[in-house]
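Okay, so here's the structure we're looking at.
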Protein chains: 2
Amino acid sequence: MGNLTLPLIDPASDRAVFKQISDHLRGEIEAGRLQPGDKVPSESQLIEHYGVARMTIRQALRELQSEGLTVAEHGRGVFVRSRPPVRRLGSDRFARRHRDHGKAAFIAETEGIGGKPSVDSIQVDETQAPADIGDRLSLGSDARVIRRSRRYLINGHPVETAVSYIPAEIARGTQISTPDSGPGGIYARLEELGHRLDHFDEDIRARMPTRDEARALKLPPGVPVFHLVRTAFAEGGRAVEVCDTVMSSDAYVLSYHLPAR
Amino acid sequence: MGNLTLPLIDPASDRAVFKQISDHLRGEIEAGRLQPGDKVPSESQLIEHYGVARMTIRQALRELQSEGLTVAEHGRGVFVRSRPPVRRLGSDRFARRHRDHGKAAFIAETEGIGGKPSVDSIQVDETQAPADIGDRLSLGSDARVIRRSRRYLINGHPVETAVSYIPAEIARGTQISTPDSGPGGIYARLEELGHRLDHFDEDIRARMPTRDEARALKLPPGVPVFHLVRTAFAEGGRAVEVCDTVMSSDAYVLSYHLPAR
DNA sequence: CAGTGGTCTAGACCACGCG
DNA sequence: GCGTGGTCTAGACCACTGG
């Protein structure tokens, strides 16, 4: 089992056996004797080392997995999790000066950290606004919206899903309701349509993913998501877009600038 | 088992039995037939209903727990999780006009949502700056800092731990290095000392809690944390404080305002 | 006390990966 | 084919909660 320093179970301790085992393994990871990408000893090796039943070992391993420290790969083994490149979302990512350069925010930022950006499953349709979205857009209960759904990937690995809602009255028949929103993205199009943007509000939650989200982002167990809802306001105060995004928490650091005023 | 509509296992399906069971229960929760606070059928009831072994039921229940949908209470049962009151952290929470009113941000905001705020385990000491903190404060490697640790509670339930670091050179011998930082908190004291605050930078991550964090915040399994690191800058650009906080993700929505500039 | 969930055992068969 | 993890069974004893 390599250079690991795994003690034996202390039968006198009142700490559960599986917790003692997960403590040992967690200690090896935190001490760096098990590095990201390293293989954790197999179940059979641990069974032999500790002299316990298989389910006890599995419970210890599940503990580590639910803490986001390891991933199990069927037929290969259990590995210490290695983090993908982290994308930093800065407060100024929607500044007009970036938009004017013609690249959508995601592409520019991802190239900036040396990753290969891509976008897939772009779907655009017109639909009834969900209630919470309608509220944020200050629309009536029967309002129609253009809905743009897409998924963002870095180096082929999905990191974020996003759904934008724009009042149909604004976007219908424009490039916003076509899959390719053009240079600078939909914010550039909104400004061309005369909706000069003034500010954005972002609400951020963190939670465990639903089953669908875990599938769409290929999330291993133990990785939470950021759920970010951004509302874009035009000068004059009208809400012109709501963007509902779900991001893999280990692909992102969100970064904000607050004036002391 | 009440009004629940729990189907039987489909033996023809290739979906694992325990996943079929957790799908059923998840459906009852999402449909609202199991409301927050409701008791999920007991293991023995589920064993009888589905005719499977206990470990299979337990695996299904663990699935729901790791998704943050339920909590198990030893000797009582498994319950649908009910959310505590959510505290919204707004962009303007450190605006000077609030500080001038003399209430620290946490107290004022919590009373605003009808909760009873409290703070405990306040510890203050002087220590060597950890490397990452020293970097953020632009201090040398042997720099000393005043460290202020505390835990915030709403209605007696812990929601956040915070550790502030202030260069010792600034804070030594002032009220900042005493447990009670006085009206308006340490930001008010820093300004009185001539460090007029200009802006704050916040970095936000989400992840599963460590064991220590889960204990300090009494987090049930399946609840991630926000890890927020805020740096306070004085006019002139000097970093005068770093605050490292860990927040229960289901007690908070973070809210930010971004100018379109 | 009865009922609940928490831990643990000692097996079984299966599906996946890799050589 | 062999070793890996994934699922499942059928028991056991324990600790906690509540009447």
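Here is how names work: the chains are called A, B, and so on, in the same order as the sequence lines, proteins then strands, and each is numbered from 1. Note that the structure is a prediction, hence the values are computed from the model and not measured.
At a cut-off of 3.5 angstrom, counting only N and O atoms as typed in the model, there is a donor on one side and an acceptor on the other between the side-chain of B/Arg54 and the base of C/dG6.
Here D/dG11 presents its P atom at 16 Å from CD1 of B/Ile57, a figure rounded to the nearest Å. As a whole-Å value, the separation of B/Phe79 CZ from C/dT4 P is 11 Å. We find that CD of B/Glu48 is positioned 18 Å from C1' of D/dT9, with the value rounded to whole Å. Residue A/Gln20 contributes atom CD, which lies 12 Å from atom P of C/dT7 at whole-angstrom precision. Taking atom CZ of residue A/Arg15 and atom P of nucleotide C/dT7, one finds them 10 Å apart after rounding to whole Å. Protein atom CD1 of B/Ile9 is 15 Å distant from nucleotide atom C1' of D/dT9, rounded to whole Å. In this structure, B/Lys39 places its NZ atom 15 Å from P of D/dT17, rounding to the nearest Å. C/dT7 atom P lies 17 Å from atom OH of A/Tyr50, rounded to whole Å.
At most 12 non-hydrogen atoms from other residues, nucleotides or ligands lie less than 6.0 angstrom from CD of A/Glu48.
Not one side-chain nitrogen or oxygen of B/Gln59 sits closer than 4.0 Å to the OP1 or OP2 atom of D/dC8. One finds no side-chain N or O of B/Arg76 lying less than 4.0 angstrom from the OP1 or OP2 phosphate oxygen of C/dG5. Within the structure, a side-chain polar atom (N or O) of B/Thr56 is placed less than 4.0 Å from OP1 or OP2 of D/dT9.
Distances were taken from every side-chain heavy atom of A/Arg58 (C-beta onward) to each of D/dT9, C/dT4, D/dG6; the shortest belongs to D/dG6. Distance from the side chain of B/Glu43 is smallest to C/dG5 among C/dT7, C/dG5, D/dT9. Checking C/dG6, D/dT7, D/dG5 against every side-chain atom of B/Ala72, the shortest atom distance belongs to C/dG6. Minimum atom distance to the side chain of B/His74 is reached by C/dT4, of the listed C/dC16, D/dT7, C/dT4.
Where A/Ala16 and B/Leu61 each meet DNA chain C at their nearest nucleotide, the meeting point lying more 5' is that of B/Leu61. Residue whose closest nucleotide on DNA chain C sits further toward the 5' end, between B/Val78 and A/Met55: B/Val78. Mapped onto DNA chain D by nearest heavy atom, A/Ser44 and B/Lys19 fall at different nucleotides, with A/Ser44 at the one closer to the 5' end.
Contact check for B/Ile146 versus B/Tyr165: no side-chain heavy atoms found under the 4.5 Å cut-off.
Counting only N and O atoms by type, the side chains of B/Asp201 and B/Thr231 include no donor and acceptor under 3.5 Å apart.
Rounding to the nearest 0.5 Å places OG1 of B/Thr210 at 9.5 Å from CG of A/Leu69.
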Could you walk me through whether B/Arg205 and B/Phe226 pass side chain to side chain contact (heavy atoms under 4.5 Å, CB included), step by step?
CA-CA 6 Å; B/Arg205 288 181 162 78; B/Phe226 282 116; over 6 Å; no

